[in-house]
Amino acid sequence: MGNLEFNLTIEKIKESRINQVDFSNLAFGQTFSDHMFVCHYKNGSWQQPQIKPYAPISLEPSASVFHYGQAIFEGMKAYKDDNDNIFLFRPQENYKRMNKSAVRLAIPEFPENWFDEGLKALLKVDRDWIKKGVGNSLYIRPFIIGTSTGIMASPSKEYIFFIITSPVQAYYGGDVKVKIADYYSRAANGGFGAAKAAGNYAGQFYPTQLAIQEGYQQVIWTDDTTHEFLEEAGMMNLFFRIDDTLITCPTSDRILDGVTRKSVLAIAEKLGIKTEVRPIKVQELLLATENGSLQEIFGSGTAAVISPISGFGYKGKDYKINRPTDLYASKIKETILNIQYNKSEDPFGWRVEVI
Ligand code: COI
């Protein structure tokens, strides 16, 4: 994988841009902190990494990523508690998942300890960009792109691994309305839907644009073969509460194994909520809506945290969810935020302090 020794060089920005930023009014993912972590792969190994000022990069037009899409990424967040301590949430899960995505896209794996050390060093350099207060965080975007020149359709021989970071607040301002897919698909059996690959997002944009024109914010993807089974929402995994049971579909090679998803399951169980991980059909959802047993739907993800869904559309018809006041989404969200912002005990050992 990498050279054994991790010799990070740090070049600091001459003048920080932090004073130009209105931290109380941030559009998601539009503002970037002062520095980025960069590591090149060539001659069969990862080279010595650097932290340097966030700046444009230069690539040849024939660089592999532009043609064949060898690009994977991760989504993580850093949080600050009231005493200015910095925390990550289950970062090992992201290190592992990025390497799973790498394998699927024929990209060389990045050493997990380098990821860990590099990320923590970057967060320390840009620590002022992490603002206190629940809801404020620094979104972390690690990604790898193929950079070899030439347009033969084969895996790149050179890559760059970057980590850039962006101060953020909530991804969605309020509840989300979704459309259940009955024609387009996000992923197929044997495909790479489980990888956090750029192409999985590109393929969603057009059907999502159509859904947005119809008044929805996101698409709930169904299985590509029958469109009968509810899968994920592209940016979020999904939870359905029918009566008092919280149901989510199993992960597969079509579905992203969300870190927030598995945290929701563990928290729900701890809160005494009955959970079921099993395939769930569109017909079951329609029936539960009609007979009143559907209590709530919510999405989970790093960017979106826990996002309640107010209603859904299916085959031209709109369905509203009559939600109770004691939402599982609210209880679970509170528990997860309390852990992330160091406001409660962490019985699961998920919080990792950046020292
Ligand atoms: C995340 O939740 O980290 C995501 O990957 C969503 C992102 C595409 C905005």
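First listed ligand is number 1; within each ligand, the first listed atom is number 1.
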Below 4.0 angstrom from a heavy atom of F73, which ligand 1 atoms are there? Numbered from 1 as shown, please.
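Answer for ligand 1: 5 (O).
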Do K177 and Y216 form a cation-pi contact, if we require the NZ or CZ to be under 6.0 Å from the six-membered ring centre and within 45 degrees of the ring's axis?
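Cation-pi check for K177 and Y216: passes.
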Heavy-atom closest contact (T147 atom, Y159 atom, distance)
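The answer is OG1-N, 3.5 Å.
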For R323, is there an ion pair with D175 - N to carboxylate O distance below 4.0 angstrom?
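Result for this pair is yes, salt bridge flagged.
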Whether T251 side chain and D257 backbone form a donor-acceptor pair below 3.5 Å
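No, because the side chain of T251 does not come within donor-acceptor range (under 3.5 Å) of the backbone of D257.
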N/O separation below 3.5 Å, Y171 to ligand 1
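No.
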G75 N/O to ligand 1 N/O under 3.5 Å
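By distance alone, the answer is no.
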Ring-ring centroid check F312 Y319, cutoff 6.0 Å:
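Ring-ring flag for F312/Y319: true, centres closer than 6.0 Å.
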Quick one: look up the protein heavy atom nearest atom 1 (C) of ligand 1 and list residue, atom name and how far away it is.
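Checking every protein heavy atom, the shortest distance to atom 1 (C) of ligand 1 gives Y139 OH, 3.3 Å.
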Suppose we measure from atom 2 (O) of ligand 1 to each protein heavy atom; which comes out shortest, and what is that distance?
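It is A303 N, 2.8 Å.
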Return the option from R141, K196, M235 holding the heavy atom at the smallest distance from atom 5 (O) of ligand 1.
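The nearest heavy atom belongs to K196.
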